[in-house]
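The structure under discussion appears below in the form of structure tokens.
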Amino acid sequence: MKISRYWKAVAAGAAAGTAALSTALQDGTITTGETITVVLAVLGGLGLTWAVPNRPKTDA
């Protein structure tokens, strides 16, 4: 079990969610559509980053 893989996905999900949330808060209110967009951005960031494997360590 590699903890770095987990943290990589968490960081990507947080970054995507923060970007979407800051855009949604531009007008001071959050609508249902904006909420769905934020949730999908977080899940997409987590899922897509989780699917990409870390580069294997080389024996130098």
Got a sec, which hydrophobics cluster with Leu46, joining ILVMFWY side chains under 4.5 Å apart, including via others?
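Grouped by the 4.5 Å side-chain rule, Val42 form the rest of the cluster around Leu46.
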Other than Leu43, what residues sit in its cluster of Ile, Leu, Val, Met, Phe, Trp and Tyr side chains whose heavy atoms are under 4.5 Å apart, directly or through others?
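Grouped by the 4.5 Å side-chain rule, Val39 form the rest of the cluster around Leu43.
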Among all residues two or more places apart in sequence or in another chain, which pass the side-chain contact (heavy atoms from CB on, under 4.5 Å) test with Ala16?
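So Ala16 forms a side-chain contact (heavy atoms from CB on, under 4.5 Å) with Ala41.
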Ala12: partners by side-chain contact (heavy atoms from CB on, under 4.5 Å), with sequence neighbours left out:
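Checked Ala12 against side-chain contact (heavy atoms from CB on, under 4.5 Å); matches are Thr49.
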Enumerate, atom names and distances included, each donor-acceptor pair closer than 3.5 Å involving a side-chain atom of residues 24-33, sequence neighbours excluded.
from	atom 1	to	atom 2	distance (Å)
Gln26	NE2	Ser22	O	3.4
Asp27	OD1	Thr29	N	3.3
Thr31	OG1	Glu34	N	3.3

